Amino acid sequence: MGKHKIKILITKEEYEKFSKVKEEFLEMLDRMTEEERKRWFAKLFFKKPIYFEKKIDSTVYCVNTHFNCQAKTSVSDRIDRLIEQMGK
């Protein structure tokens with residue numbers, strides 16, 4: 001399966017709001033101990049992978065998720081890259 005790029009256009013105000021929320025989130029995580037962070041994230045994870053199909057017109061779209069435990073980048077890194085790509 002190939003990689004697809006998605007371009008999301010947002011206003012300056014939306015970008016600033018997103019950046020503020022992201023910073024508050026990272027500050028919250030920084031205040032937690034490692035054990036508290038593990039418990040907090042454990043509550044967010046789905047108990048089983050996300051998978052569903054959606055039919056639009058005559059096309060069926062299959063949506064699923066996967067997580068790489070050996071990933072070298074964080075979600076924050078990926079979001080930053082997406083934002084950078086939006087400016088290009």
Side-chain angles (χ1 to χ4, degrees):
M1 214 177 227
K3 291 186 177 185
H4 303 281
K5 291 187 178 183
I6 298 173
K7 187 171 187 174
I8 302 171
L9 301 176
I10 60 175
T11 65
K12 182 179 178 184
E13 291 80 18
E14 290 169 328
Y15 174 80
E16 289 170 355
K17 185 175 182 178
F18 168 80
S19 296
K20 182 179 179 209
V21 169
K22 178 183 154 194
E23 285 304 313
E24 289 171 356
F25 174 73
L26 293 175
E27 288 171 8
M28 177 195 73
L29 292 178
D30 282 342
R31 289 190 302 269
M32 293 180 178
T33 65
E34 181 179 352
E35 233 4 84
E36 290 171 327
R37 282 192 299 270
K38 285 179 182 177
R39 282 194 306 270
W40 191 85
F41 279 108
K43 285 192 275 182
L44 295 179
F45 290 133
F46 297 100
K47 302 300 178 201
K48 54 185 176 179
I50 297 171
Y51 178 84
F52 64 91
E53 294 180 358
K54 174 77 173 176
K55 185 173 183 177
I56 301 176
D57 297 326
S58 61
T59 304
V60 176
Y61 296 89
C62 298
V63 177
N64 61 48
T65 60
H66 69 279
F67 301 95
N68 181 352
C69 296
Q70 270 90 50
K72 303 263 190 272
T73 59
S74 68
V75 171
S76 180
D77 295 335
R78 290 175 185 248
I79 290 171
D80 287 342
R81 258 198 322 269
L82 282 171
I83 291 170
E84 287 173 14
Q85 289 174 356
M86 289 185 326
K88 294 179 181 178

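The structure displayed is predicted, hence computed values, not measured ones.
Smallest separation of non-hydrogen atoms from E36 and R31: OE1-O, 4.3 Å.
Here K38 pairs with E34 in a salt bridge; the nearest charged N to carboxylate O distance falls below 4.0 Å. K20 and E16 are not joined by a salt bridge, as no carboxylate oxygen comes within less than 4.0 angstrom of a charged side-chain nitrogen.
Looking at K55 and Y61, their side chains never come closer than 4.5 Å, going by heavy atoms from C-beta outward. With a 4.5 Å cut-off on side-chain heavy atoms, L29 and F41 count as touching.
Side-chain heavy atoms closer than 4.5 Å link hydrophobic residues (I, L, V, M, F, W, Y) into clusters, and following such links, possibly through other members, connects I8 to F18.
Checking R37, R39, M32 one by one against E35, the side-chain contact (heavy atoms from CB on, under 4.5 Å) holds for a single residue, R39.
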